[in-house]
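Let me begin by presenting the structure, written as structure tokens, before commenting on it.
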Protein chains: 2
Amino acid sequence: MKNTIKVERAKKNWTQAELAKVIGISRQGLNSIETGKFIPSTVLALRMAKAFDTTVEVLFQLEDTEG
Amino acid sequence: MKNTIKVERAKKNWTQAELAKVIGISRQGLNSIETGKFIPSTVLALRMAKAFDTTVEVLFQLEDTEG
DNA sequence: TTATTTTGTCAATTATACTTGACAAAATGA
DNA sequence: TCATTTTGTCAAGTATAATTGACAAAATAA
């Protein structure tokens with residue numbers, strides 16, 4: 001799964017630590033999600049989408065092999 | 001977190017077992033998600049949204065306390 | 001360059017999603 | 001009613017998400 005967290009974060013000029021705090025997760029946890037190391041829960045995806053004023057689908061995209 | 005899986009499933013006239021197969025999860029796993037026992041991964045949420053031709057936000061809603 | 005912040009990553013632990021197998025309750029259909 | 005399908009739930013196990021603490025690489029600012 002791909003994500004556009006880094007881009008959305010840049011738009012808001014937020015650090016990983018700041019975003020992590022907003023969505024209630026550790027900085028390392030957010031880093032692992034952002035770098036594709038692991039897949040977040042739907043609650044975290046929804047919180048992130050809300051924080052960025054966007055949708056889960058804009059933030060996260062299934063790969064062709066994951067469809 | 002609330003969800004509208006049961007309703008979307010009814011629209012398509014799918015059983016839990018059928019939907020579970022489509023998204024690549026066990027029947028009991030899907031049941032636990034549908035009944036709110038646990039929170040699915042974002043990949044599963046995206047697959048479900050795709051299967052239902054809808055969005056993650058339509059399928060899953062944060063409670064006021066989870067925002 | 002030097003100092004500071006930000007990011008990436010590791011190890012070890014904890015929490016939880018997801019699995020299979022099983023069985024009963026509930027719903028559906030004959 | 002009787003049979004069949006569907007759903008809910010339990011237990012025990014596996015997989016993985018998420019945690020903290022730590023440290024170095026990379027980026028940013030002075």
ask   = Where along residues 41-54 of chain B does a heavy atom fall under 4.0 Å from DNA chain C?
value =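 Within this stretch, S41(B), L44(B) sit under 4.0 Å of the strand.
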task = Give me the residues of residues 56-67 of chain B where at least one heavy atom lies under 4.0 Å from an atom of DNA chain C, by number, or none.
result = none
request  = Applying salt bridge (charged side-chain N to carboxylate O under 4.0 Å, His left out), name anything that partners K6(A), two or more places apart in sequence or on another chain.
outcome  = none
Separation of [N] [atom2] from [X] [atom1] (nearest whole Å):
X	N	atom1	atom2	value
K21(B)	dT19(C)	NZ	C1'	17 Å
L30(A)	dA17(D)	CG	C1'	13 Å
F38(B)	dC18(C)	CZ	P	6 Å
I25(A)	dA15(C)	CD1	P	16 Å

For nucleotides 7-10 of chain D, list the nitrogen or oxygen atoms of the protein found under 3.5 Å from its nitrogen or oxygen atoms, one pair per line.
{"residue": "dT7(D)", "atom": "OP1", "partner": "R9(B)", "partner atom": "NH1", "Å": "2.8"}
{"residue": "dT7(D)", "atom": "OP1", "partner": "R9(B)", "partner atom": "NH2", "Å": "3.4"}
{"residue": "dT7(D)", "atom": "OP2", "partner": "Q16(B)", "partner atom": "N", "Å": "2.8"}
{"residue": "dG8(D)", "atom": "OP2", "partner": "Q16(B)", "partner atom": "NE2", "Å": "2.5"}
{"residue": "dG8(D)", "atom": "OP2", "partner": "N31(B)", "partner atom": "ND2", "Å": "2.6"}
{"residue": "dG8(D)", "atom": "N7", "partner": "R27(B)", "partner atom": "NH1", "Å": "3.4"}
{"residue": "dG8(D)", "atom": "O6", "partner": "R27(B)", "partner atom": "NH2", "Å": "2.8"}
{"residue": "dT9(D)", "atom": "OP2", "partner": "K37(B)", "partner atom": "NZ", "Å": "2.9"}

Pairs meeting criterion ring pair (Phe, Tyr, Trp, His ring centres under 6.0 Å) with involvement of residues 5-46 of chain B, two or more places apart = W14(B)-F52(B)
Just by modelled atom types, is the [Y] backbone N or O under 3.5 Å from a matching donor or acceptor in the [X] side chain?
X	Y	result
T54(A)	L59(A)	no
E18(A)	T15(A)	yes
T42(A)	I39(B)	no

request  = Enumerate the residue pairs fulfilling side-chain hydrogen bond (donor to acceptor under 3.5 Å, both in side chains) with a member in residues 55-67 of chain B, sequence neighbours excluded, ordered by first and then second residue.
outcome  =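 Sorted pair list comes back empty.
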key: side chain to side chain contact (heavy atoms under 4.5 Å, CB included) assessment of F60(A) paired with V56(B)   = CA-CA 11 Å; F60(A) 299 96; V56(B) 172; over 6 Å; no
task = Sequence neighbours left out, what pairs pass salt bridge (charged side-chain N to carboxylate O under 4.0 Å, His left out) with at least one residue falling in residues 44-53 of chain A?
result =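 Counting only pairs at least two positions apart or across chains, the salt bridge (charged side-chain N to carboxylate O under 4.0 Å, His left out) contacts touching residues 44-53 of chain A are K12(A)-D53(A).
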Review item, side-chain donor-acceptor pairs of residues 19-33 of chain A, under 3.5 Å, at least two apart:
{"residue": "S26(A)", "atom": "OG", "partner": "G29(A)", "partner atom": "N", "Å": "3.0"}
{"residue": "N31(A)", "atom": "ND2", "partner": "Q16(A)", "partner atom": "OE1", "Å": "3.0"}
{"residue": "S32(A)", "atom": "OG", "partner": "Q28(A)", "partner atom": "O", "Å": "3.1"}

ask   = To 10°, what angle do the rotation axes through the five end pairs on each side of the helix from dT1(C)-dA30(D) to dA30(C)-dT1(D) form?
value =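 Rounded value for the end-axis angle: 70°.
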query = Is there side-chain contact between V58(B) and E8(B), with at least one heavy-atom pair below 4.5 Å?
reply = yes
Residues that R9(B) engages under side-chain hydrogen bond (donor to acceptor under 3.5 Å, both in side chains), provided they are two or more places apart =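 With neighbours one apart ignored, the set is E34(B).
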